[in-house]
Asker: 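Quick one: the structure is below, questions incoming.
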Amino acid sequence: MIDIKLLRNDLSKVVANLARRGFSFDSSWYAEQEERRKVLQIRLEDLRRQRNEGSKTVGQIKSGGGDSAGLAAEMERLTRIDHELEVTQNEFRKIEGELEAFYLTLPNLIEASVPDGVDATQNIEIRRVGEPPQFNFQARDHVAIGELLACMDFAEASRIVGARFVVLKGVLAQLQRALINFMMDIHVAEHGYEEVYVPHLVNQDSLIGTGQLPKFEAELFKIDKTADWYLIPTAEVPVTNLARDRIFRIGELPKRWVAHTPCYRSEAGSYGKDLKGMIRQHQFEKVELVTITTPDHSGDALEMLTAHAEAILKKLELPYRVMLLCSGDTGFASTKTYDLEVWLPGQNQYREISSCSNFRDFQARRLHARWRTRSQDKPEWVHTLNGSALAVGRTLAALLENRQDEGGRISIPELLRPYLGDRPHLVADGGHD
RNA sequence: GGAGAGAUGGCUGAGUGGUCGAAAGCGCUCCCCUGCUAAGGGAGUAAGGGUGAUUAAGCCCUUCGAGGGUUCGAAUCCCUCUCUCUCCGCCA
C-alpha cells in the first residue's frame, strides 16, 4: 500500500509516478470519494462526541448527583442521535470500504533510478558475467538431455496430474537436491542468513500482506476444502509474513532469512509460453532470500541481496547477465527490481532465473511491520526486500545445457561436487565415470 | 475428534455496566541524590485517525483477539468466529 497521506496531499505526484508503469489512475473518482469520506467522517465523529458527552451526563445523574428531571428528555435525545449515528456510520463504512479496496489495487511507486519503459524490451542490461559456452556440436536443450539421461519425464507427470509438471529420477533428482543444499549452505554459512522452515499453505491475509491479493488471485492455487488457504506461489509470502504485526528493535535489524520451498503457480495467462521443459511449471523448487531492514539501508540491501544471488551463479560457473527492469516491467509491489538472467544454450538466449526487489514500505504497511530505536519512540515502517537465489528448476536446466558434452555427459561444477559424491560428471544410468 | 481454560499497552498482569485508554509491576527515557560501582528518590512512557497551517499546541474520534448484538452508555453482558493453553483420543 502506498502512503495514504501522500495520496491525499500530493495526488498529482502519485498519479505521475504510477503513469510510469502505464497505470492509469482515476483521480477524479478518487478525489470525489475522498471528499465524501472527509465530510462523513467529520459528521460521524461529531455525532459520536455528542453521544459520549450525553451518556456521561446520564451516568452522572443516575449515580446520584444532578438534575433527575431532565433525565428522560436527555435519554430520548440520545436515542435520536444513535439513529442518526447508525445511518451516518453505514454510509461512512461503505465509502471507506471502497477506498480501502481501491488502495489495495494501487501498485507501488517506482524509484527514481528505474528507467522508463513499457515492457521487458526496455529493461537495461547492467552487467554480463561469464561467457556463453561454444559447442562444436548442436547444443541440446535440457529436455533432450533429460531424455538422454532417462531421468526427466514429463509424460509420467502428466499421467499423475496433468501438464506443466515433471518427474525427476536418479541423477537429476539427486542434482536438484544437491543444488538446494548447496544454495542453502552458502547463504547460511557465507552470507549470514538465518535458515527458516515455513508453511507451504498461507491464508488470505498473508497474501494481501505481500501483495499477491487481491489483484493476482488468478495466479494462485486455492485450497477448496478450507475457508481461505492457498498454496504458496513463492516463499516470499510465508517468510516476509514473519514480520507481520511486529515492532523490531533497531538491534534486531536487518533480519535476513533464507528458505527453501516448493512454489505453486497456476500460470494462468501463460498459455502457449514455454510449454516444453522445466522453465515454466505449476510446481518448482526455489531458494528465497528475504531482508527486513530500516529505510535508510534498503537501497544497499538490494545491491547486497542481488550480489548474494549472483554468487550462486558464479560458483556454479553459469554465464548470466543482470537486468534492471524498466518502470513498465517492474512488479506490482516493487519499487526497483533486478532480474538475473542465465544463459540457456538450448534456447540460445538469456532467461530469468532470479528476481531481486526492494518493496520499501509497501509490504510493511500491508503487514503492519515496524521498527523503532527505543521503546518510547514512534514506530516506523520497515523496508522489505526479497530475491530468488535461485529458482532451482531453472538452475538445473541451465547446468544441463551449459555443461553438456557431445556424448551427453554433464560436467559438475567444482564447488557442487561435494554434494554429489565428488563425482566430476553426471552420466546416463545414474552412474559416474 | 472430545472436554475445559484463556486472549487487556513493549512485556507481566488487575479490572464483571458509567469519572477506565485502562491499577500495579517490569522494561525504557529524562532529572535528582550518592566522589566509581551498587542502591535510593522524582517525572514521563500505547497505537491509528480527524480537525488544525502538511510536519505546532489544542480539541475530537477509534482501538482491551475479530465480527455482530443488548444498552442512553460495553474491556466488563449475549451470540458467532479465530487463535493459544491444559487434559483425553488419534497420528508421521
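Each chain gets a letter, A, B and so on, in the order its sequence line appears, and its residues count up from 1.
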Asker: Only pairs with both distances under 3.5 Å count, Watson-Crick or wobble alike; so what is the partner of B:A43 in this structure?
Answerer: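 WC or wobble partner is B:U29.
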Asker: Taking pairing as Watson-Crick or G-U wobble with both contacts under 3.5 Å, can you name the mate of B:G21, or confirm there isn't one?
Answerer: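 The base-pairing partner of B:G21, which may sit in any strand shown, does not exist here.
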Asker: Counting only Watson-Crick pairs (N1-N3 plus N6-O4 or O6-N4) and G-U wobbles (N1-O2, O6-N3), all under 3.5 Å, who is the partner of B:U70?
Answerer: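 Its partner is none (no Watson-Crick or G-U wobble pair with both distances under 3.5 Å).
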Asker: Which whole number of Å gives the distance between the C1' atom of B:G6 and that of B:A66?
Answerer: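 These two C1' atoms come out 16 Å apart once rounded.
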Asker: With a 4.0 Å cutoff (strictly under), does any side-chain N or O of A:Asn52 reach OP1 or OP2 of B:U62?
Answerer: yes
Asker: Please report the closest heavy-atom contact between A:Gln363 and A:Thr210, naming both atoms and the distance.
Answerer: NE2-O, 3.0 Å
Asker: Could you tell me if the ring centre of A:Phe362 sits under 6.0 Å from that of A:Phe332?
Answerer: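 Here the rings of A:Phe332 and A:Phe362 have centres that are less than 6.0 Å from each other.
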Asker: Taking only Lys NZ, Arg NE, NH1 and NH2, and the carboxylate oxygens of Asp or Glu, determine whether A:Lys169 and A:Glu156 approach each other closer than 4.0 Å.
Answerer: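 A:Glu156 and A:Lys169: salt-bridged.
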Asker: At 4.0 Å (heavy atoms only), tell me whether A:Arg80 reaches a base, stays on the sugar-phosphate, or touches nothing.
Answerer: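 Result for A:Arg80 = nothing.
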Asker: Provide the Watson-Crick or G-U wobble partner of B:A3, both distances under 3.5 Å; none if there is no partner.
Answerer: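 Check on B:A3: paired to B:U86, both distances under 3.5 Å.
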Asker: Does the side chain of A:Gln50 come under 3.5 Å of the side chain of A:Asp46 through a donor N or O and an acceptor N or O?
Answerer: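 Checked: A:Gln50/A:Asp46 side chains pair up, N/O donor to acceptor below 3.5 Å.
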Asker: Decide ring pair (Phe, Tyr, Trp, His ring centres under 6.0 Å) for A:Tyr264 and A:His200; before the verdict, give the C-alpha distance in whole Å, the side-chain angles of both, and the deciding distance to 0.1 Å.
Answerer: CA-CA 9 Å; A:Tyr264 301 93; A:His200 297 173; 7.4 Å; no
Asker: Would you check if there is a donor-acceptor pair between the side chains of A:Asp185 and A:Tyr419 at a distance under 3.5 Å?
Answerer: yes
Asker: Side chains of A:Tyr338 and A:Glu303: any donor to acceptor distance under 3.5 Å?
Answerer: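 Judged by distance alone, the side chains do pair up.
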Asker: Taking the six-membered ring where the residue is Trp, are the ring centres of A:Phe25 and A:Phe102 under 6.0 Å apart?
Answerer: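 A:Phe25 vs A:Phe102: aromatic centres under 6.0 Å.
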Asker: Might you list the N or O atoms of the protein lying below 3.5 Å from N or O atoms in nucleotides 50-53 of chain B, with each pair's distance?
Answerer:
unit_1, atom_1, unit_2, atom_2, d
B:G50, OP1, A:Arg8, NH1, 2.1
B:G50, O4', A:Gln41, NE2, 3.2

Asker: Once you apply the 3.5 Å cut-off to both distances, tell me the Watson-Crick or G-U wobble partner of B:G58, or none.
Answerer: B:U51
Asker: Centroid separation under 6.0 Å, is that true for the rings of A:His260 and A:Tyr197?
Answerer: no
Asker: Report, one pair per line, the protein and nucleotides 68-74 of chain B atoms (nitrogen or oxygen only) whose separation is under 3.5 Å.
Answerer:
unit_1, atom_1, unit_2, atom_2, d
B:G68, OP1, A:Arg93, NH1, 3.3
B:C72, O3', A:Asp82, OD2, 2.7
B:C72, O2', A:Ser55, OG, 3.3
B:C72, N4, A:Lys62, NZ, 3.1
B:G73, OP1, A:Asp82, OD2, 2.6
B:G73, O4', A:Ser55, OG, 3.1

